[in-house]
2 protein chains.
Amino acid sequence: MLVSPSRDRAAERRSATRREILDASWEVAHEKGIASITLKDVADRVGMRPPSLYSHFASKNAIYDAMFGQAWQGCLDALRAATDGVPSDPREAMAVMGRAYFKYAVADQARNQLMNARISADFQPSPEAYAPSLAVWELGRVHLALIGVTAEADLDLYSAVVGGLVDAQLANDPGGNRYARQLDRAIGMLADQFGL
Amino acid sequence: MLVSPSRDRAAERRSATRREILDASWEVAHEKGIASITLKDVADRVGMRPPSLYSHFASKNAIYDAMFGQAWQGCLDALRAATDGVPSDPREAMAVMGRAYFKYAVADQARNQLMNARISADFQPSPEAYAPSLAVWELGRVHLALIGVTAEADLDLYSAVVGGLVDAQLANDPGGNRYARQLDRAIGMLADQFGL
DNA sequence: GTCTATACACCGATAGAC
DNA sequence: GTCTATCGGTGTATAGAC
């Protein structure tokens with residue numbers, strides 16, 4: 001086939017442009033906050049005019065949607081890498097996952113807001129973008145089940161405590177380690193509570 | 001003086017109108033979210049035209065500022081009432097304050113967002129509006145000090161855990177009690193950790 | 001696919017009559 | 001103090017030429 005190679009190049013270029021737009025969107029989000037992204041700012045950064053973005057994304061929310069998917073996929077990858085080797089000690093297994101999530105969440109405030117807070121009233125993630133988010137929760141559920149923690153209440157408490165430390169760190173000491181220092185202590189507390 | 005009584009009536013009416021505007025703003029916040037308040041929506045609800053609001057508030061952010069002060073003042077009042085009688089048991093003292101804060105925070109999502117999250121990039125609370133927020137933290141610090149908890153790290157952990165349960169409750173089970181059910185357990189855990 | 005031009009809907013805020 | 005009228009700006013999105 002003669003058509004195929006040129007199709008490939010076109011498709012490559014197209015997805016490369018999409019990636020450029022998403023990268024630019026993340027830059028804007030880091031500078032002005034996730035809720036303050038505008039098509040003008042994104043277009044400026046890619047060297048386009050705002051209407052041209054519509055050749056690659058159907059709407060602004062479609063950009064948010066792709067970013068949402070990227071954020072949770074990155075989290076899933078980070079947790080998979082961290083929980084790769086099966087941990088011998090149950091307490092260490094709990095700590096490894098908690099630290100990995102904390103590190104990923106705290107590393108990027110804008111990303112964390114997109115992942116966990118409602119950014120705008122109308123934006124709702126699509127099922128495809130939402131999938132890696134569900135996968136993260138499933139990974140957590142399975143990982144804790146392996147060390148004998150299966151109660152729904154225990155999962156709720158675990159996630160709320162780690163999430164609380166993340167939010168406190170980002171809100172009250174961004175870039176610091178004031179609440180990061182409490183993470184291992186909190187997880188030890190939880191392990192005691194779970195009877196490990 | 002003949003002038004004084006009429007001045008009083010005028011001042012009363014003025015502050016009554018201010019209160020009406022703030023009440024209307026809270027209503028809008030509850031319906032559309034704290035970040036989506038517009039002067040038009042507020043004015044409609046008070047039976048005014050948007051420009052007329054400027055006779056009572058210097059700007060939209062001045063309205064946010066007053067609301068911020070109200071929210072934290074209400075929290076301060078709630079905590080003072082809850083921690084009024086000196087508690088005999090240290091663990092119960094911890095629980096009383098945690099429950100009071102949790103209850104107040106969870107009761108109003110819009111209010112909680114205004115109190116703890118950044119609503120817009122340009123809004124910064126004035127020192128006067130910020131004062132009751134500082135008073136709440138001081139009350140917490142003193143209350144825990146009375147039962148022997150004085151370490152900064154302990155305060156950080158306590159506030160992050162309670163705050164984490166609040167956020168989880170509002171985000172994942174608004175109006176329910178899925179995370180509220182974990183509150184006493186979490187506080188018991190903390191009491192153990194603090195050696196009480 | 002990118003551009004110009006523009007529609008369309010908002011928003012916060014100000015000026016000035018009453 | 002409230003009103004009408006309006007300014008000046010921003011935002012998403014579409015139409016149509018190239």
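Chain letters run A, B, ... following the sequence lines, proteins first, then strands; residues in each count from 1. Since the structure is predicted, the reported quantities are computational estimates derived from the model, not experimental observations.
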Of all heavy-atom pairs between [X] and [Y], which one has the smallest distance, and what is that distance?
X: B:Gln113; Y: B:Ile119; answer: O-CD1, 3.6 Å
X: A:Val136; Y: A:Leu79; answer: CG1-CD1, 3.8 Å
X: A:Ala71; Y: A:Arg111; answer: CB-CG, 3.6 Å

### Message
Between B:Lys32 and B:Glu27 (salt bridge meaning N to carboxylate O under 4.0 Å), is one present in this structure?
### Response
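No, this pair does not count.
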### Query
With the threshold set at 4.0 Å, does a side-chain nitrogen-carboxylate oxygen contact exist between A:Lys40 and A:Asp44?
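Between A:Asp44 and A:Lys40 there is a salt bridge, with a charged N closer than 4.0 Å to a carboxylate O.
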Rounded distance (Å) that lies between atom [atom2] of [N] and atom [atom1] of [X]:
X: B:Phe123; N: C:dG12; atom1: CZ; atom2: C1'; answer: 16 Å
X: B:Tyr54; N: C:dG16; atom1: OH; atom2: P; answer: 17 Å
X: B:Lys60; N: D:dT10; atom1: NZ; atom2: C1'; answer: 13 Å
X: B:Leu53; N: C:dT14; atom1: CG; atom2: C1'; answer: 14 Å
X: B:Asp122; N: C:dC11; atom1: CG; atom2: P; answer: 16 Å
X: B:Asn61; N: C:dG12; atom1: CG; atom2: C1'; answer: 10 Å
X: A:Phe57; N: D:dA13; atom1: CZ; atom2: C1'; answer: 16 Å

### Message
Run the side-chain hydrogen bond (donor to acceptor under 3.5 Å, both in side chains) test on A:Ser15 and A:Arg19 for me, step by step, so that the C-alpha distance in whole Å, both residues' side-chain angles and the decisive distance to 0.1 Å come before the verdict.
### Response
CA-CA 6 Å; A:Ser15 88; A:Arg19 226 171 306 137; 3.2 Å; yes
### Task
Please list, by residue number, the residues of residues 22-41 of chain A whose heavy atoms come closer than 4.0 Å to an atom of DNA chain C; answer none if no residue qualifies.
none
### Sequence neighbours excluded - side chain to side chain donor-acceptor pair (under 3.5 Å) pairs with any residue from residues 55-64 of chain A
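Applying side chain to side chain donor-acceptor pair (under 3.5 Å) to every pair that reaches into residues 55-64 of chain A, excluding sequence neighbours, yields A:Asn61-A:Asp122.
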Contacts under 3.5 Å, N or O only, protein and nucleotides 1-4 of chain C:
residue, atom, partner, partner atom, Å
C:dG1, OP1, A:Arg14, NH1, 2.9
C:dT2, OP2, A:His56, NE2, 2.6
C:dC3, OP2, A:Arg49, N, 2.8
C:dC3, OP2, A:Ser52, OG, 2.7
C:dT4, OP2, A:Arg49, NE, 3.1

### Query
Does a side chain donor of either A:Asn172 or A:Tyr179 reach within less than 3.5 Å of an acceptor in the other side chain?
yes
